[in-house]
Amino acid sequence: MEKGKGNTLDGPAIQRIRNDFPIFKKVINGQSLVYFDNGATVQKPLQVIQAIENYYYQSNANIHRGVHTLSREATELYETARNTVAAHFNVANPQQCVFTSGTTEGINLIAGGLSKAILRSGDEIILTAYEHHSNILPWQLHAQERGLKLKVIPLKSDQSLDIAAAMTLFTDRTKVLAVAHVSNTLGLITDLQALFKIAQQYNVITVVDGAQSSPHMPVNLPELDPDFFVCSAHKMYGPTGIGLLYMKEKWLTELPLFKTGGGTIKTVTFEHTEYAEGALRFEPGTPHISGAVGFAAAIDYMNSIDMSAIYKHESELVRYAQTRLLELPEVEVYGQSEHKAGVISFNVKGAHPFDVGTLLDKYGIAVRTGHHCTQPLMQLLGVQGTVRASFAIYNTLEEVEYFIEKLKRVITLVS
Amino acid sequence: MEKGKGNTLDGPAIQRIRNDFPIFKKVINGQSLVYFDNGATVQKPLQVIQAIENYYYQSNANIHRGVHTLSREATELYETARNTVAAHFNVANPQQCVFTSGTTEGINLIAGGLSKAILRSGDEIILTAYEHHSNILPWQLHAQERGLKLKVIPLKSDQSLDIAAAMTLFTDRTKVLAVAHVSNTLGLITDLQALFKIAQQYNVITVVDGAQSSPHMPVNLPELDPDFFVCSAHKMYGPTGIGLLYMKEKWLTELPLFKTGGGTIKTVTFEHTEYAEGALRFEPGTPHISGAVGFAAAIDYMNSIDMSAIYKHESELVRYAQTRLLELPEVEVYGQSEHKAGVISFNVKGAHPFDVGTLLDKYGIAVRTGHHCTQPLMQLLGVQGTVRASFAIYNTLEEVEYFIEKLKRVITLVS
Amino acid sequence: MQIREIEEEIISEFELFGDDWEQKYEHLIDLGKSLPLIEPGYKTDVNLIKGCQSRVWMHSDFKEGKMIFTADSDAIITKGMVALLVRVLSHQEPVAIVNARLEFIDQIGLKEHLSPTRANGLVSMINRMKQEALQHLSK
Amino acid sequence: MQIREIEEEIISEFELFGDDWEQKYEHLIDLGKSLPLIEPGYKTDVNLIKGCQSRVWMHSDFKEGKMIFTADSDAIITKGMVALLVRVLSHQEPVAIVNARLEFIDQIGLKEHLSPTRANGLVSMINRMKQEALQHLSK
Ligand SMILES: Cc1ncc(COP(=O)(O)O)c(C=O)c1O
Ligand SMILES: Cc1ncc(COP(=O)(O)O)c(C=O)c1O
């Protein structure tokens, strides 16, 4: 049992980071907060909260088309935020970065748009067995309406994706491959390269659900080269209600509109509308301007630490937690690969995850319990739910230590 | 020319209100800010900004299904926000209040949902000639796909709605009446009672775009009794990225889902999904939790002043501005009814609204210029655009006075 | 015993643990373990009250003017809570059940389990118990 | 005159007004009013550069190695800006136009009109002028 501090950030660095997060002053049940529910949403640094505040203090106005100073300022903040997001993912043309309200919204826009004009009855959509409901339900909804078929890439016995089996799923009717970059329940990193290689052969549109990769590791979109990529700011140290829908340039004109409204147009009559070009086409209504500003601040914050450093630190936390959990005979860990980002899922044998979560909370430790919006995966694992600990840059090996110690206590209590 | 101070809030009251809005410390082009672009978005009081801040400082977590303390707190804040919104509009069952990202999103959910199962080729949708693009384009999008017909209630010569003409539009194929409660360009209050009376006879689904009524006047939804009502928090002193979609109870089960994803379900398999009941059904993905909290704070703020007082104050500002504008022979005012809420639209004859807006901005006065996302109305008025001054509770007669004085200067400059 | 009396009994039981939540939860878990099993035949879908996470099954009988409840849960802490509710409400008259305010839950410091946003189905269980009592009220 | 010289001329012109933006805008508006009218035949859709609000029409000719621009706008302030741009860029060689940085706009305090988020189509106009010059660069 080696702590492997080499890869985690050192104490003073972590302490500086923790000081940026006001919520860690909070006391939960008489204990200081150990927040291991980062897969659900992460805490926000002062830098992000203040960016939102400053927006409302200084520059709040509706964007676009406004000739007054405030409106110009707000528009510039909003478009600068788009540039920041684009640069973060190495996207050359910021117009390819559409602001949405989050990952789920992004997938709805893609599935809804594609199903309007590109997907035809009998076409197939390939997903993985560990998809989040948000990357299942929108496809299912349109599948029912349009007569599409969902196919599922199975998992191997170690819960990693069965790439060999995936190969056999693709046919000439396969039109879309929609996969999580990182499984939110298991933490496993999907081998996108291998999947995309097959997808390319069959000329399949690729959709990446980046909700759980974007917070934990560097993501270079041109290198990855999916048709679509979506993520949520609230999982990336940013505010709620805002996310990214990235699309390849051609989709800016070719993806049919699923939603529409003010701000997306060139000219409108009751009979006909000529739509604007670029990202605006997909951003009907007043955007979440303060959200975009906060999102950009969150990205700046992550980059001030460096995505590779974040990945290393969190991977070490996962590795250490996994090692310690595996020492406990009462515990079962799901998805024991080394190729993991930020998340670990387990159960105490014979105990309901709800009990484990409730008791850990009493010790000030926030974990998520339940199906994690991945019920098909739960059915596959044959469990009602799991306990999930997920890490962020402010978590420490000491917190993991404390968690293991208290988990042992919980095991005694529930046994 | 009488100032009619009787109906506006008195000086000290206004000053107290203005002190709540940090942005008024801002200096624009060496002038203090006169913000008359409230129809686009209003400024936010400290009470709202701090509610958002407190959420991130104290309670940030993902909601629903979480067993830990923070998640419980966040869930309670979110559901309490729903209760606050419901109570504000006098809605007994808070589940009827669905959080959306704004008015535009709400209309997309309604139009998209209805067009899935309820609207059939040949069915008619009735709108008014002054609808906002956000209440035209979603209907148009589905009209094209499903073969629906849009019909438009014309305006009388004074730009008020021609109710008599509306009567003749309804037929047995009419399925939806979708109207702005208050025109965002003209400020005119739609006579919903008269329209709903006809709608009822034809068993027509009624949709009210409340984007411009909700900030300016009391709205009692059970009394009004539409099938659907939508509005945006950012126009109601609340944050960006959040809004309300109210629906009659029966629609909670009968409105087909337009979007879907995590958080909306009871059980999921790849083959079939059983959806949850109530508002959650329509709120896929992580909601804009901080937005909901800010929205509730904004509603509390408005109620601390009182919606009737807000209506009186702003109506007096409109009345006074209109009186003064009409004294200027170079100015044309559109929609000169007395039955107006918060908004006044005009042009300087022979001058482009862009010029007027640009020069007013130089004096620190923020007005909106252009088509206000109502291009069909502009075509009807035969103008490229208008200058729109729209008021909020923090505006004063003195500001209107200053605006008129500077407008005179602008008229000289551009003539 | 009357509802209020049983509540007082439970309150005194929990007072022994003072502020020690570990002991309190140990006791709650013991109560859960000792809850008489519901007849397997009653663990049906109709009797299932779904929380988002833990599930509760509840069956009621009406005998000699009193409601008899049996119940179960798949989570042990929920089961402990269920045991407390059955202990308080079973063998009581419908009118007493309908009017019960169950304040003891707050007083023994377990209120959090009854928040309407709680994922354990307990609030729905209490509502179901009251509804079933209500059906026998008019009889 | 070279582009830079004309720019200097304009800068001195505007320096007279100091910080008085009213005078500056009066001058800009006067410039707009005195802009030679574009031939009506050139006010076509192809020559229309759409801003969100004000519209700009722009036509170019290439004569004796130089670009000749004529232009118009429906907003008088935009027209003033258009007049300045035509004054600086018309009758210049393509290479000079392509390389022009047009910093005078900043220096006379009208930079805000060139922000890419501006609703007046001026940025698109400059891009169009440069593009058309570019086409004659290789010839
Ligand atoms: C009447 C009306 N409808 C709809 C909208 C669209 O609202 P939002 O942009 O908040 O979606 C607006 C505001 O711009 C409006 O004034
Ligand atoms: C893998 C994955 N996909 C999609 C989502 C949905 O994201 P959001 O709720 O922000 O829309 C999540 C987060 O809950 C996730 O982890």
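Every chain is numbered from 1 and lettered A, B, ... according to where its sequence line falls, protein lines coming before strand lines. Just so it is clear, the structure is predicted and the values come from calculations on it, not from any experiment.
- Each of A:V367, A:L150, A:T374 has some count of heavy-atom pairs under 4.5 Å with chain B, and the biggest count is that of A:V367.
- Each of B:S71, B:G112, B:A366 has some count of heavy-atom pairs under 4.5 Å with chain A, and the biggest count is that of B:A366.
- In this structure, the portion of B:Y275 lying under 4.5 Å from any heavy atom of chain A is its side chain and not its backbone.
- A:T104 has its side chain out of reach of B:E283: every pair of non-hydrogen atoms, C-beta onward, lies at least 4.5 Å apart.
- When side chains are defined from C-beta on, B:D361 counts as touching A:R72, because their heavy atoms get closer than 4.5 Å.
- When heavy atoms are compared at a cutoff of 4.5 Å, A:V48 does not approach chain B at all.
- Contact tally against chain A (heavy-atom pairs below 4.5 Å) for B:F21, B:F258, B:W139, B:F24: the top residue is B:F258.
- Contact check for A:T41 versus B:N60: side-chain heavy atoms found under the 4.5 Å cut-off.
- For the pair A:G262 and B:C373, the tightest heavy-atom approach, listed with the atom from each and the gap, is CA-SG, 4.0 Å.
- Of the atoms belonging to B:I242, not a single heavy atom falls under 4.5 Å from chain A.
- Of all heavy-atom pairs spanning B:E73 and A:K26, the tightest one is OE1-NZ, 2.8 Å.
- Side-chain polar atoms of B:S290 and A:T240 form a donor-acceptor pair below 3.5 angstrom.
- For chain B, the nearby part of A:E271 is the backbone; its heavy atoms alone come within less than 4.5 Å.
- Within the 4.5 Å cutoff, the side chain of A:T269 has heavy atoms near those of the B:Q379 side chain.
- Looking only at distances, no side-chain donor or acceptor of B:N108 sits under 3.5 Å from a matching main-chain atom of A:K259.
- Applying the salt bridge (charged side-chain N to carboxylate O under 4.0 Å, His left out) test to every pair with at least one member in residues 364-379 of chain B, sequence neighbours left out, gives these pairs: B:D37-B:R368.
- Looking at every heavy atom in both residues, A:I265 comes nearest to B:H133 through CD1-CE1, 3.6 Å.
- Within 6.0 Å of NZ on A:K149 lie no more than 12 heavy atoms contributed by other residues, nucleotides or ligands.
- A donor atom on one side chain and an acceptor atom on the other are found under 3.5 Å apart for B:Q140 and A:T273.
- Side-chain atoms of A:Q375 come within 3.5 Å of backbone atoms of B:K266 as a donor-acceptor pair (strictly under, hydrogens ignored).
- Residues A:T286 and B:S232 have side chains not in contact (no heavy-atom distance under 4.5 Å, counting atoms from C-beta outward).
- Between chain B and the options A:A61, A:A129, A:S134, the largest number of non-hydrogen pairs under 4.5 Å is found for A:S134.
- Ranking B:A211, B:P353, B:P376 against chain A, the residue ahead of the rest is B:P376, based on heavy-atom pairs under 4.5 Å.
- Of the atoms belonging to B:L127, it is side-chain heavy atoms, and not backbone ones, that fall under 4.5 Å from chain A.
- Contact tally against chain A (heavy-atom pairs below 4.5 Å) for B:L137, B:T103, B:I52: the top residue is B:L137.
- Contact annotation for A:I107: neither backbone nor side-chain heavy atoms come within less than 4.5 Å of a heavy atom of chain B.
- The shortest distance between side-chain heavy atoms of A:I23 and B:Q58 does not fall below 4.5 Å.
- Ranked by non-hydrogen atom pairs under 4.5 Å with chain A, the options B:L33, B:V152, B:I365 are led by B:V152.
- Residues meeting the salt bridge (charged side-chain N to carboxylate O under 4.0 Å, His left out) test with A:E53, sequence neighbours left out: none.
- By number of non-hydrogen pairs under 4.5 angstrom with chain A, the leading residue of B:P284, B:P287, B:A111 is B:P284.
- When heavy atoms are compared at a cutoff of 4.5 Å, A:F36 does not approach chain B at all.
- Minimum interatomic distance between B:I136 and A:F270 (heavy atoms only, all atoms of both residues): CD1-CE2, 3.8 Å.
- Ring planes of A:Y35 and B:H68: perpendicular class, angle over 60° (limits at 30 and 60°).
- By the 4.5 Å heavy-atom criterion applied to side chains, B:P22 and A:Y56 are not counted as neighbours.
- Across all their heavy atoms, A:E145 and B:R146 have their closest contact at OE1-NH2, 4.3 Å.
- Taking the side chain as every heavy atom from C-beta outward, B:L141 and A:K116 approach each other to under 4.5 Å.
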Legend entry - Steps toward side chain to side chain contact (heavy atoms under 4.5 Å, CB included) verdict (A:V268, B:M378): CA-CA 10 Å; A:V268 172; B:M378 295 299 113; over 6 Å; no
